[in-house]
A.B. asks: 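Just passing along the structure, written as structure tokens.
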Amino acid sequence: MIVFKAITTFDNHLKALLKVKRGVYGGVTAELKNEFKEATIEEIRANRDLILADDKMSVIKLRLPDKKQRLSKKDGYRLIYLVSKTEEKVVFLDIYPKNGPMQQLTISDNHLKQLLQEFIAETNSNLLKDYPIE
């Protein structure tokens, strides 16, 4: 069984998206669940844009649609996640929209380093949050 976890930054960004007026990003949790609920660990590891990899893990950027706003994967959300190569474990690092009031076009190398440092610190302190995919 695949275990899904999240770091604090992901959790905070997801909450911020859900607080935007008029529910602009209200469909983001449904898009996450739709992407992962039926997927095997091999599918989660395989068919994405690889950002970083080593012997134990891969960091991947996934394009998600925003069906609520009728946006394709190209114009929807970007999910940055880490997937283990040795365990059935996925850790969500960040999520951001390509359009709307919280638009972000890319992720910088420095921000990616900060996310990885946060992942290491929260793993070592046993602070990773469970993220249920139902």
Side-chain angles (χ1 to χ4, degrees):
M1 183 173 153
I2 303 171
V3 175
F4 293 92
K5 300 279 189 176
I7 65 171
T8 301
T9 295
F10 171 85
D11 195 45
N12 290 342
H13 286 177
L14 185 62
K15 286 176 184 174
L17 289 172
L18 294 172
K19 288 181 183 178
V20 172
K21 290 183 181 179
R22 296 185 313 259
V24 171
Y25 302 120
V28 66
T29 53
E31 299 300 343
L32 274 169
K33 289 179 181 184
N34 285 340
E35 185 67 32
F36 290 98
K37 69 180 176 183
E38 301 290 327
T40 66
I41 194 69
E42 291 80 17
E43 292 169 333
I44 293 170
R45 288 178 183 139
N47 58 357
R48 311 298 192 263
D49 290 335
L50 188 64
I51 296 176
L52 184 68
D54 69 13
D55 295 346
K56 296 180 183 177
M57 58 103 184
S58 297
V59 177
I60 296 170
K61 176 175 69 175
L62 171 65
R63 291 169 173 83
L64 294 170
D66 184 351
K67 292 179 184 168
K68 185 171 189 215
Q69 294 189 75
R70 296 185 180 100
L71 297 173
S72 68
K73 288 183 177 187
K74 177 182 144 217
D75 296 320
Y77 302 103
R78 297 298 180 265
L79 172 67
I80 308 299
Y81 68 91
L82 181 145
V83 62
S84 172
K85 292 181 178 180
T86 58
E87 305 173 72
E88 290 195 354
K89 182 177 179 180
V90 176
V91 181
F92 298 135
L93 301 176
D94 201 0
I95 190 163
Y96 57 92
K98 289 285 286 190
N99 286 290
M102 293 183 68
Q103 174 181 345
Q104 181 179 332
L105 298 178
T106 189
I107 184 168
S108 71
D109 289 343
N110 284 338
H111 184 61
L112 182 60
K113 287 177 190 174
Q114 290 172 345
L115 293 172
L116 292 172
Q117 289 170 348
E118 182 178 342
F119 163 73
I120 292 166
E122 290 187 9
T123 298
N124 291 339
S125 301
N126 202 27
L127 295 174
L128 290 177
K129 298 170 181 71
D130 290 328
Y131 189 87
I133 299 288
E134 299 152 353

A.B. asks: Under a 3.5 Å distance rule, please check whether Arg45 uses its side chain to pair with a backbone N or O of Thr40 as donor and acceptor.
C.D. replies: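 No: the side chain of Arg45 does not pair with the backbone of Thr40.
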
A.B. asks: Under 4.5 Å between side-chain heavy atoms, hopping through other hydrophobics if needed: is there a path connecting Phe36 to Leu18?
C.D. replies: yes

A.B. asks: Rounded to the nearest 0.5 Å, how far apart are CG of Asn99 and NZ of Lys74?
C.D. replies: 9.5 Å

A.B. asks: Between Ile41 and Val90, does the side-chain contact (heavy atoms from CB on, under 4.5 Å) criterion hold? Intermediate values first, please.
C.D. replies: CA-CA 9 Å; Ile41 194 69; Val90 176; 4.2 Å; yes

A.B. asks: Output yes when a side-chain donor or acceptor of Glu118 lies under 3.5 Å from a complementary backbone atom of Thr9, and no otherwise.
C.D. replies: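 Here the side-chain-to-backbone pair exists.
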
A.B. asks: In terms of heavy-atom contacts, does NZ of Lys19 have more than 12 from other residues, nucleotides or ligands at under 6.0 Å?
C.D. replies: no

A.B. asks: Give the minimum heavy-atom separation between Lys73 and Arg78, together with the two atoms involved.
C.D. replies: O-NH1, 2.9 Å

A.B. asks: Is Lys33 atom NZ crowded by more than 12 heavy atoms from other residues, nucleotides or ligands, each under 6.0 Å away?
C.D. replies: yes

A.B. asks: Find the distance between CG (Asn12) and CD1 (Ile7) and round it off to the nearest 0.5 Å.
C.D. replies: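 The CG atom of Asn12 sits 9.5 Å away from the CD1 atom of Ile7.
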
A.B. asks: Walk me through whether Leu32 and Ile95 qualify under side-chain contact (heavy atoms from CB on, under 4.5 Å).
C.D. replies: CA-CA 10 Å; Leu32 274 169; Ile95 190 163; 4.3 Å; yes

A.B. asks: Around Asp109, counting heavy atoms of other residues, nucleotides and ligands shown, do more than 12 lie under 6.0 Å from its CG?
C.D. replies: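 Counting neighbours around CG of Asp109, 12 or fewer heavy atoms of other residues, nucleotides or ligands fall under 6.0 Å, so no.
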
A.B. asks: To the nearest 0.5 Å, tell me how far Leu127 CG sits from Lys5 NZ.
C.D. replies: 10.5 Å

A.B. asks: To the nearest 0.5 Å, tell me how far Asp94 CG sits from Leu112 CG.
C.D. replies: 9.5 Å

A.B. asks: Report the C-alpha separation of Tyr131 and Tyr81 in whole Å, then their side-chain angles, then the decisive distance to 0.1 Å, and conclude whether the ring pair (Phe, Tyr, Trp, His ring centres under 6.0 Å) test is met.
C.D. replies: CA-CA 12 Å; Tyr131 189 87; Tyr81 68 91; over 10 Å; no

A.B. asks: Yes or no on side-chain contact (heavy atoms from CB on, under 4.5 Å) for Leu79 and Phe10, after CA distance, side-chain angles and deciding distance?
C.D. replies: CA-CA 9 Å; Leu79 172 67; Phe10 171 85; 3.6 Å; yes

A.B. asks: Just to verify, what does Phe119 make a ring-ring contact (aromatic ring centres under 6.0 Å, His included) with, not counting sequence neighbours?
C.D. replies: none

A.B. asks: Just distance, no hydrogens or angles: give the donor-acceptor pairs under 3.5 Å from side chains in residues 52-60, sequence neighbours left out.
C.D. replies:
residue: Asp54; atom: OD1; partner: Lys56; partner atom: N; Å: 2.8
residue: Asp54; atom: OD1; partner: Met57; partner atom: N; Å: 2.9

A.B. asks: Do you know the tightest heavy-atom contact between Glu35 and Ala39?
C.D. replies: O-CB, 3.8 Å

A.B. asks: Report yes or no: does Glu122 contribute a side-chain atom to a donor-acceptor pair with the main-chain N or O of Thr8 at less than 3.5 Å?
C.D. replies: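 Checked: pair present.
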
A.B. asks: Does atom NZ (Lys67) have a neighbourhood of more than 12 heavy atoms from anything else shown, all under 6.0 Å?
C.D. replies: no

A.B. asks: Going through the distances and angles, do Tyr96 and Ile80 end up as a side-chain contact (heavy atoms from CB on, under 4.5 Å)?
C.D. replies: CA-CA 9 Å; Tyr96 57 92; Ile80 308 299; 4.3 Å; yes

A.B. asks: With a 4.5 Å cut-off on side-chain heavy-atom distances among I, L, V, M, F, W and Y, is there a chain of contacts connecting Ile107 to Ile120?
C.D. replies: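 Yes, one cluster joins them.
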
A.B. asks: Evaluate the side-chain proximity of Leu82 to Leu116: yes if any heavy-atom separation is below 4.5 Å, no if none is.
C.D. replies: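 SC-SC contact between Leu116 and Leu82 confirmed.
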
A.B. asks: Which heavy atom in Ser108 sits nearest to a heavy atom in His111, and how many Å separate them?
C.D. replies: OG-N, 3.0 Å

A.B. asks: Atom NZ in Lys61, atom OG1 in Thr106: separation rounded to 0.5 Å?
C.D. replies: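 Interatomic distance, Lys61 NZ to Thr106 OG1, rounded to 0.5 Å: 5.5 Å.
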
A.B. asks: Compute whether any side-chain donor of one residue and acceptor of the other, for Asp66 and Tyr25, lie under 3.5 angstrom apart.
C.D. replies: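 Note: Asp66 and Tyr25 side chains miss the donor-acceptor criterion.
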
A.B. asks: Say whether Ile44 and Val3 are linked into one hydrophobic cluster, either directly or through other cluster members, by side-chain heavy-atom distances under 4.5 angstrom.
C.D. replies: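 No, because Ile44 and Val3 fall into different hydrophobic clusters, even though each may have its own neighbours under 4.5 Å.
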
